[in-house]
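Reading through the C-alpha cells given below for one structure.
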Amino acid sequence: MCGINGFTWRDPGLLRKMHELTSHRGPDDQGLWETESVSFAHNRLSIIDLSPGGHQPMASPDGRFTIIFNGEIYNYKELRAELEGMGERFTSTSDTEVLLRMFARFGEPCLPRLNGIFAFALWDRDEKSLRLVRDQIGVKPLYYFFDGKQLAFSSEMKALLPILSERKINKDALNAYFRLLYVPGVQTMVEGIKRLSPGHVGLFQDEKFTIKSFWKLQEGERVSTYEDAVQGVRERLKSSVARQLVSDRPVGVFLSGGIDSSAILGLASETSSGPLKAFTVSYASDFQQEKYNADAELAARTAKYFGAEHHVIRLDAMMARDLLEATAWHMDEPVANHIQTSTYALAEFAKPEITVALGGDGGDELFGGYPRYWYAAQIDRLQKFPFPWSLLGSIPKDSWKKLAAKSGLDRHLSFVAQKEIDIDSILKKGMNDWSVTAKMLAPYFVDSWKDKTNGLMTADVRTWIPDESLIRTDRLTMAHGLEQRVPILDVDLVEYAFRIPSKYKLGDRKQGKRVLIDAMKPWIAPHLLAEEKRAWNSPMAKWIRGPLEPYMREILSPSYVDGTSWILDFNGLNRMLDGHISKKRYALAPLWSAVSFQLWYKKVFSGK
C-alpha cells in the first residue's frame with residue numbers, strides 16, 4: 001500500500017511537492033524518477049517483501065517498462081509460478097515485480113486476471129505511452145488531471161491542486177454531494193480533477209488520453225439452488241480471507257458488533273498461527289451509554305469467543321472535535337459521514353500494533369443487508385398489480401413517493417436522496433439543481449437486470465462503495481500508514497454474489513444477508529445470530545446538542561472560511577441547527593453535509 005504521483009513532463013519541484021503531500025501513505029521508502037517525458041514519485045508502505053528489492057519506481061529487465069504501484073495483488077504467487085514456468089526469473093519476492101512482468105509479457109489482457117486492490121501507473125519507453133489502471137471494485141484511489149495535452153495523476157486529489165492555475169468548485173458535483181452526501185462517479189468537487197473509474201485503464205499517448213473498461217460487473221449465469229449459493233459464498237470468502245492474510249507485517253481485524261466483521265475474524269482466526277488482534281471504537285457519553293456502546297460490547301464478546309486480543313479506543317466529544325480538521329484534510333474530498341473521526345481514531349490507535357487490518361466492508365451491498373433492498377422488492381411486487389402508481393408521487397409523504405417510484409434510478413433516489421426542503425435550506429437560492437444528480441447516476445442504471453433488486457445493489461457497488469465507503473476506508477487508514485483490506489469485496493466473490501438471486505439474499509425487513517449468514521454461520525459468534533441489524537451509532541447528533549454546539553456554530557458561519565458565502569445559506573443552516581438543538585427536528589445528515597463541506601473547503605480547497 002503506497003502513494004503514487006506523476007505527470008507527463010519534467011518539473012522536479014512540483015514532483016517533490018506532490019510527493020510530500022502524500023508522504024503519510026508511504027513512510028517506509030521513497031522513490032523519484034524523471035525523464036523529459038514522464039515523472040514518477042512513490043511513497044512506499046512495505047507490506048510484502050520488506051527488502052530493497054521491492055523499491056519503486058521499478059523497471060523491467062530490459063528497461064522498457066517502469067511502474068509505480070499502490071496496493072496488493074493477492075494472487076501474485078500463482079501468477080509468479082505461471083511466469084516462472086514460461087522462463088521468467090525474478091530478483092525479488094514482491095508482488096510489484098510480478099505485476100510488472102505480467103504486463104510486460106501479456107499487456108492489457110492480463111488486467112482482468114489480477115485479484116487484488118490496486119492503482120498503478122506504467123510507462124512504456126518504446127511506445128512513449130503512460131497507462132493508469134484502477135482495480136475492479138475501486139478499493140484503491142486514482143485521480144487525474146488532463147488539460148488536453150498533458151496528464152497528471154495521484155493517489156490523492158490534494159496532490160493535484162498545485163497543478164491547477166485556478167481552483168473552481170464543480171457545481172454539478174456540489175449538487176450531487178448535498179443530495180447524496182458524497183459525489184458519485186468520475187467527477188470530484190474540484191473542476192478539472194477526475195477519478196479513474198474502477199475496472200478501467202487510461203492510456204496517454206501523443207497528447208491524447210483515452211479511457212476504457214477492462215472489467216464489468218454482470219448478472220451472469222444464475223446460481224440454481226440455495227444450497228449451491230451457500231456453498232459458493234463459503235468457499236470464496238474462505239479463500240479471500242486466506243489470500244488477504246498474506247503479509248510480511250502484522251495483521252489484525254477492525255471489529256464491530258456485526259456479523260460481517262465477526263465472520264472475517266472467525267475465518268482469520270482459523271487460519272492464523274496465533275491469536276489475532278482486534279480493534280473496536282467505543283464512546284464516552286453522558287447519555288444513552290447502552291445505545292452507543294452496544295456495538296462495542298457485542299464486539300468484546302465476539303473477540304472473546306474467538307480468542308482474539310481485543311483493543312478498544314474510547315472516543316469522547318472533545319476528542320472527536322479535535323480530530324475534525326485533520327480528518328477533513330486526510331479525507332481529501334467532502335463525504336458527509338459522521339463516523340469519520342471514529343475511523344480515523346481507530347486507525348491511529350491500531351497502527352502501533354498492526355500494519356494491515358481486515359474489515360467487514362461490502363456485506364450489505366453484495367448480500368442485501370440494507371432494509372431498502374427488502375422494501376424495494378416488496379414495491380416491485382405491489383407494482384405488478386394494475387393501479388396508477390405514479391399518482392402517488394404527488395402526495396407529499398416519503399413513503400408514498402417510494403411506492404410511486406419506478407424500479408431503477410427513481411427508486412434508488414427515493415431511498416437515498418436527501419429531502420429537497422433541506423437542500424433548499426443549505427444552498428443559496430439558484431444553486432440547487434435536482435436534475436444534476438439523476439444525470440450523474442444515470443450511467444449506473446442503464447443495464448437491464450432481470451433481477452431488479454440485484455440491480456439496485458449493483459448500483460451501490462459501482463457508486464456508493466468506491467465513492468463513499470472505500471474513500472473513507474482508504475484515506476482514514478492510510479493517514480496513519482495502515483492498510484485496510486476488504487475480503488468481502490474480493491472480485492471473485494463480488495462476481496459470484498451477483499449470480500445469486502436476490503430472493504436468496506433478502507431475509508426480512510430487520511435482517512437481510514440470509515445467504516451470507518448461512519454460509520458463514522460456523523464463523524459467526526453465536527450471540528450475534530439473534531441480533532437485529534443496526535447502524536454504527538455514534539453520539540454525534542447528541543454531541544451537537546451539547547458539548548459540540550459552539551464549534552458547530554463556528555463552522556456554520558461565513559467567518560469560518562472565506563469563499564463559501566456564495567454557496568451556503570448560513571441563515572438557513574443556523575435555523576436548521578437551532579431546530580436540531582431544540583429537538584424540534586433531527587437534522588444530523590443535512591447539518592453534517594454542510595459541516596463536512598466547510599471543513600474540506602478550509603483544509604483542502606483553500607489550503608488553510
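Atom set for the values below is all heavy atoms of this structure, side chains included, hydrogens, waters and symmetry mates excluded.
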Is the shortest distance from a Lys or Arg side-chain nitrogen in [X] or [Y] to a carboxylate oxygen in the other one below 4.0 Å?
{"X": "Lys149", "Y": "Glu207", "result": "no"}
{"X": "Glu108", "Y": "Lys212", "result": "yes"}
{"X": "Arg44", "Y": "Asp28", "result": "no"}
{"X": "Arg372", "Y": "Asp460", "result": "yes"}
{"X": "Asp126", "Y": "Arg64", "result": "yes"}
{"X": "Arg16", "Y": "Glu20", "result": "no"}

Check: Passes side chain to side chain contact (heavy atoms under 4.5 Å, CB included), Asp474 versus Arg25? Steps please.
Finding: CA-CA 10 Å; Asp474 176 82; Arg25 298 185 67 90; 2.8 Å; yes
Notebook entry, point to check: Taking the side chain as C-beta and beyond, is there a heavy-atom pair between Leu114 and Phe103 under 4.5 Å?
Noted result: no
Checklist line | Residue pair Gln205, Asp124: steps toward the side-chain hydrogen bond (donor to acceptor under 3.5 Å, both in side chains) verdict | finding: CA-CA 10 Å; Gln205 191 174 31; Asp124 184 331; over 6 Å; no
Margin query: Looking only at side-chain N and O atoms, does Thr96 offer a donor or acceptor that is under 3.5 Å from a partner on Gln56?
Written below: yes
Note to self: Checking side-chain polar atoms at under 3.5 Å, does Thr188 have a donor or acceptor matched by the opposite partner on Glu333?
What the structure shows: no
Taking the six-membered ring for Trp, are [X] and [Y] ring centroids under 6.0 Å apart?
{"X": "Phe597", "Y": "Phe178", "value": "yes"}
{"X": "His580", "Y": "Tyr586", "value": "yes"}
{"X": "His24", "Y": "Trp329", "value": "yes"}
{"X": "Phe415", "Y": "Tyr370", "value": "no"}

